[in-house]
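A quick write-up on the structure given underneath.
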Amino acid sequence: MTKNELPMTQKIEYRDGEIKVPNQPVIPFIEGDGIGKDITTPMIRILDEAVEQAYGGEKKIEWKEVLAGQKAFDATGEWLPDETIKAFEEYHVGIKGPLQTPVGGGIRSLNVALRQKLDLYVCLRPVRWFKGVPSPVRYPEMVNMHIFRENTEDIYAGIEYMTGTPEAEKVRNFFLNEMGVESVRFPESSSFGIKPVSKDGSERLVRAAIRYALERKLPSVTLVHKGNIMKFTEGAFKNWGYDLAESEFKNDTFTWRQYEAIKKEHGEAEARKALLDAREMDKVIVKDVITDAFLQETLLHPYDHSVIATMNLNGDYISDQLAAMVGGIGISPGANINYRKGYAIFEATHGTAPNIVGTEKANPSSIILSGVMMLEFLGWNKAADKVLYALEKTFSSRKVTSDLHSMMDGAKLLTTTQFADEIIKNM
Ligand code: NAI
């Protein structure tokens, strides 16, 4: 069936701040490079089975393959064809396998290009542990966090100048001669990078994080920043976050800044009482932690943090650390979302794993769990729960792919396909 033959009802639409999901939504997917095919095929099988079991034929995903990466280049001469971007714009929700970064293709990263073109400003990474999965920490069951990483700003904006270039010289002269900067230790051999962090960008990210916490009845949002050093970028992010919570969400949140203000004016006992009252009323507690301390916190007191809102670079570090704590990037799901336009692309968070392509060693859990996030985003929770249940059962029966097998005593080694079969059997 071609695009033009589809009735309108089969397209996911975005109206009045909400996505409207028909019973047979068209979902574009990018297979991905490297192990992309190995993991995308089982993900589709498993999601289809879960939807069928949950809704008995009433709902069904119409998968529509769109091209990106090597497959796109071979077919069209372009790494990221316009048609692919248009498909995500048209159908709103999609899923993708990993994409290799083209060498000398004029694009720094296809993932970054996709995020920029659709302005997918939130990178959402839920991190939780599944019983049976090996972990380097003693109580992995205490890790249950949802990272909201800002996706479009910070040093990832790519404003960087290499030492020795006329651009770097211009930047250097501007700072030294016009701005009176004296702290560039080796001006002649310095490269320069610029870190834009805006009020608009910070607010939309923190807004999404607070809404997510409220919708899911999660207890807190932690703003993670390095504002003690970078006062006007990371420090401002923290302040804008608090300002937003105290204005837009004033009836639903209680902030540490408010706590400190009460403490200063009325003493610690009053502040503690206000905090307890807020908890009693199920308000979301908005707090902040400095990044280095936060990385310690994740190991020492993971249960103190629920939703994490942070900037691009911090989010990158935090995502990998938390992923490692619950079993590695092979099983960590993710999504890139623009909540204002209703665009969401769910993705395997690992790379193309060129060293294991075609060996049936790939662990498909990351893209399967991203599929679970997608089902939840569609409101198809019954199907999502089925996949989660089956995956957890498979892990706890110690039947795993080779990446986890090497870390588990007495586990049974399965190929990628056998692992997918086992999940379907356990559903
Ligand atoms: P990688 O994630 O592909 O591989 C790192 C290690 O993890 C390898 O030993 C690999 O075998 C293993 N691994 C990764 N995913 C696995 C899975 N599902 N099951 C079992 N083992 C798995 O990272 P690398 O090697 O740095 O990057 C390779 C390519 O992937 C590059 O072109 C890079 O740009 C791209 N990449 C794409 C990403 C994306 O599309 N989201 C993210 C990261 C890298």
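Order of appearance sets the numbers: ligands from 1, and atoms from 1 within every ligand. Quick caveat, the model's predicted, so the values are computed rather than measured.
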Name the closest protein heavy atom to [atom], giving the residue it belongs to and the distance to 0.1 Å.
atom: atom 44 (C) of ligand 1; result: Gly351 CA, 3.4 Å
atom: atom 12 (C) of ligand 1; result: Ala353 CB, 4.4 Å
atom: atom 33 (C) of ligand 1; result: Thr101 OG1, 4.0 Å

Close-contact set for ligand 1 against [X] heavy atoms, below 4.0 Å:
X: Ile35; value: 17 (C), 18 (N)
X: Pro354; value: 28 (C)
X: Pro98; value: 40 (O)
X: Gln100; value: 32 (O)
X: Ile356; value: 11 (O), 20 (C), 21 (N)

In terms of side-chain heavy atoms, does [X] have a donor or acceptor partner in [Y] at a distance below 3.5 Å?
X: Thr352; Y: Gln100; result: no
X: Asn363; Y: Ser365; result: yes
X: Asp292; Y: Gln296; result: no
X: Gln53; Y: Glu49; result: yes
X: Asn426; Y: Thr394; result: yes
X: Glu160; Y: Ser191; result: no
X: Tyr156; Y: Asp316; result: yes

Is the closest protein non-hydrogen atom to [atom] under 4.0 Å?
atom: atom 21 (N) of ligand 1; answer: yes
atom: atom 36 (N) of ligand 1; answer: yes
atom: atom 26 (O) of ligand 1; answer: no
atom: atom 42 (C) of ligand 1; answer: yes

For ligand 1, which part of Ile39 has a heavy atom less than 4.0 Å away: the side chain, the backbone, both, or neither?
-> neither
Pick one of side chain, backbone, both or neither for how Thr352 approaches ligand 1, counting any non-hydrogen atom pair under 4.0 Å.
-> both
Does OH belonging to Tyr139 count more than 12 external heavy atoms closer than 6.0 Å?
-> no
Inspect the surroundings of OH in Tyr14 and state if more than 12 heavy atoms from other residues, nucleotides or ligands are less than 6.0 Å away.
-> yes
Measure the spacing between OG1 of Thr84 and CG of Leu67 and express it to the nearest 0.5 Å.
-> 5.5 Å
I want to confirm something. Looking only at heavy atoms, which of [options] is nearest to [atom]?
atom: atom 39 (C) of ligand 1; options: Asn111, Ile30, Asn336; answer: Asn111
atom: atom 38 (C) of ligand 1; options: Lys96, Lys361, His350; answer: His350
atom: atom 8 (C) of ligand 1; options: Val357, Asn355, Leu114, Thr359; answer: Asn355

Is Asp38 paired with Lys361 through a side-chain N to carboxylate O contact shorter than 4.0 Å?
-> no
Residues Lys283, Asp252: salt bridge by 4.0 Å N-O rule | no
Test your reading of the structure: does [X] have an N or O sitting under 3.5 Å from an N or O of ligand 1?
X: Asn363; answer: yes
X: Leu99; answer: yes
X: Gly97; answer: no

Is the Phe148 ring parallel, tilted or perpendicular to the Tyr339 ring (thresholds 30°, 60°)?
-> parallel
Quick one: does Ala362 get within less than 4.0 Å of ligand 1, heavy atoms only?
-> yes
